[in-house]
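Heads up, the thing below is written out as structure tokens.
First the proteins, then the strands, lettered A, B, ... as listed; each starts at 1.
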2 protein chains.
Amino acid sequence: MSVAEAPGLPPLTPRVREIVSAALALLEEHGAEALTMRRLAEQLGIRAPSLYKHLAGKSELETAVIAVGFEDLATALEGAAGETGGRGPGGGLARLGSAYREFALARPHLYRLMNERPLARELLPPGLEDRAAAPLVATVGGDPDLARAAWAFAHGMIMLELNDRFPPGADLDAAWQAGLRGFARGAIQ
Amino acid sequence: MSVAEAPGLPPLTPRVREIVSAALALLEEHGAEALTMRRLAEQLGIRAPSLYKHLAGKSELETAVIAVGFEDLATALEGAAGETGGRGPGGGLARLGSAYREFALARPHLYRLMNERPLARELLPPGLEDRAAAPLVATVGGDPDLARAAWAFAHGMIMLELNDRFPPGADLDAAWQAGLRGFARGAIQ
DNA sequence: GTCTATACCCGGATAGAC
DNA sequence: GTCTATCCGGGTATAGAC
């Protein structure tokens with residue numbers, strides 16, 4: 001975990017890093033409902049009011065957690081985009097899609113927190129959102145509309161999977177392939 | 001509004017219909033957080049405990065609201081699929097996508113409730129989910145994987161729009177077009 | 001079928017002592 | 001920087017009188 005200092009984030013003292021780290025663990029293990037000031041304090045062996053000596057409140061805490069999420073996501077996608085090889089057209093996009101899906105399924109509560117509310121861009125480290133988006137934009141050849149459509153497809157697949165909204169026998173790998181085929185036609189290989 | 005009688009739904013007495021109707025209004029006007037037993041009772045001019053004479057609890061109420069949502073959605077999509085005309089390839093899919101998007105944007109809180117949790121299929125009127133899905137499956141030529149991919153694209157676009165997750169200047173109509181182009185290639189026109 | 005009263009959870013946040 | 005005590009709000013649900 002690493003978080004850059006930023007205007008809307010709490011001052012990153014060592015103790016604050018511990019707190020944010022504990023919050024991330026709590027979120028990932030037990031979901032957003034479990035991320036309360038009381039439970040977080042309990043996890044740290046202190047009382048809830050003590051947290052307010054380090055953080056302005058819960059939303060500041062959430063912003064810090066979200067920033068960590070975007071840094072980890074950006075790193076994962078950059079890694080996938082950097083891989084070489086792959087078999088034929090769509091290879092780059094398929095790898096990127098797999099990396100995105102794996103991130104979301106491995107850390108579903110974090111993924112939800114990152115995407116279920118408006119992004120507080122002014123509070124995040126500058127350039128972080130662009131860093132996370134860059135690999136996809138490059139892979140589809142720089143067309144921002146196509147990149148947004150591909151992102152929406154991936155996000156929709158993930159949310160419907162996480163929410164258990166597909167019918168019981170659905171073949172999700174096949175659906176991913178069917179979707180990516182369409183986007184790959186507009187992409188640089 | 002009309003709800004079919006079904007195993008997991010409350011008995012549809014006239015009074016229950018009033019309650020479900022009021023719950024739907026509360027949800028659509030003020031969001032999911034506003035749909036509480038207290039506020040619902042207040043809307044109806046009674047006290048919260050009185051609701052439990054009609055309904056087993058809140059989740060039964062939500063199931064009834066969701067059933068109404070799927071009936072309205074199915075009706076809207078059947079209407080869009082039934083329209084004739086349209087200009088060239090992708091016309092059918094584009095009309096269907098527009099109808100789906102319009103439903104979601106017009107009734108965002110209902111749309112969220114319908115999609116943000118596992119579908120309690122066994123509690124809904126039999127065949128209702130299939131009825132809502134049929135127009136899309138038919139439009140993409142009967143391929144269920146392609147239909148799921150197209151659904152995921154639409155759902156992703158809608159959720160990212162509702163959650164205000166696209167960057168400020170994003171051209172969402174252009175993104176819809178870019179996405180639908182890919183799916184239309186596999187569709188019957 | 002409605003009421004009052006109530007029990008029981010949960011949450012975020014503050015004041016002021018140490 | 002931590003504590004205790006407390007305030008405020010919210011929620012689902014039940015018991016028992018009318």
Side-chain angles (χ1 to χ4, degrees), chain A residues 3 8-67 109-110 112-113 116-118 120 123, chain B residues 3 8-67 109-110 112-113 116-118 120 123:
Chain A
V3 201
L9 294 175
L12 285 180
T13 63
R15 187 57 167 153
V16 168
R17 285 175 188 275
E18 286 175 17
I19 293 173
V20 173
S21 184
L24 188 58
L26 205 50
L27 172 72
E28 293 196 41
E29 283 168 38
H30 300 103
E33 344 70 49
L35 183 51
T36 72
M37 299 303 269
R38 287 184 216 262
R39 287 228 224 178
L40 175 58
E42 187 184 2
Q43 185 108 338
L44 289 161
I46 61 177
R47 305 288 165 166
S50 305
L51 291 169
Y52 291 85
K53 299 289 185 182
H54 302 278
L55 300 155
K58 193 184 179 182
S59 78
E60 198 180 72
L61 175 71
E62 289 171 334
T63 302
V65 169
I66 289 169
H109 301 297
L110 176 60
R112 285 183 195 272
L113 186 66
E116 76 189 354
R117 62 180 68 186
L123 304 183
Chain B
V3 201
L9 293 175
L12 286 179
T13 64
R15 187 56 168 153
V16 168
R17 287 175 187 275
E18 287 176 17
I19 293 172
V20 173
S21 184
L24 188 58
L26 204 48
L27 172 71
E28 292 196 42
E29 283 169 36
H30 300 104
E33 343 70 49
L35 183 50
T36 72
M37 301 303 267
R38 286 186 217 262
R39 288 227 223 179
L40 175 58
E42 187 185 4
Q43 186 108 336
L44 289 160
I46 62 177
R47 305 288 163 166
S50 304
L51 291 169
Y52 291 84
K53 299 287 184 184
H54 303 277
L55 299 156
K58 194 185 178 182
S59 77
E60 197 179 76
L61 175 70
E62 288 170 334
T63 301
V65 169
I66 289 169
H109 301 298
L110 177 60
R112 285 182 195 271
L113 186 67
E116 76 188 356
R117 60 180 71 186
L123 304 182

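Distance, A:E60 CD to C:dG12 C1': 15 Å, rounded to whole Å. Remark: P of D:dG11 and CD of A:E33 are 18 Å apart, rounded to the nearest angstrom. A:K58 places its NZ atom 13 Å from the C1' atom of D:dG10, with the value rounded to the nearest Å. In this structure, B:R39 places its CZ atom 16 Å from C1' of D:dT12, rounding to the nearest Å. Atom CG in B:L40 sits about 16 Å away from atom P in D:dG10, given to the nearest Å. Distance OH (B:Y52) to P (C:dT4): 16 Å, rounded to an integer number of Å. Distance CE (A:M37) to P (C:dA13): 6 Å, rounded to an integer number of Å.
For the pair B:E60 (side chain) and B:A56 (backbone), a donor-acceptor distance under 3.5 Å is present. Checking side-chain atoms of A:Q43 against main-chain N and O of A:R39 turns up no donor-acceptor pair under 3.5 Å. Judged by distance alone, the side chain of A:T63 and the main-chain N or O of A:S59 form a donor-acceptor pair under 3.5 Å.
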Name the pairs: protein N/O against N/O of nucleotides 2-6 of chain D, kept only if under 3.5 Å.
from: D:dT2; atom 1: OP1; to: A:R15; atom 2: NH2; distance (Å): 3.3
from: D:dT2; atom 1: OP2; to: A:H54; atom 2: NE2; distance (Å): 2.8
from: D:dT2; atom 1: O4; to: A:K53; atom 2: NZ; distance (Å): 3.4
from: D:dC3; atom 1: OP2; to: A:R47; atom 2: N; distance (Å): 2.6
from: D:dC3; atom 1: OP2; to: A:S50; atom 2: OG; distance (Å): 3.0
from: D:dT4; atom 1: OP2; to: A:R47; atom 2: NE; distance (Å): 3.3

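When all heavy atoms of B:H109 and B:E28 are compared, the closest pair comes out as CD2-O, 3.5 Å.
Residues passing the salt bridge (Lys or Arg N to Asp or Glu O under 4.0 Å) test with B:R117, sequence neighbours excluded: B:E62.
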| said: side-chain contact (heavy atoms from CB on, under 4.5 Å) for B:L61 and B:L40? Distances and angles first, verdict last. | reply: CA-CA 11 Å; B:L61 175 70; B:L40 175 58; 3.5 Å; yes
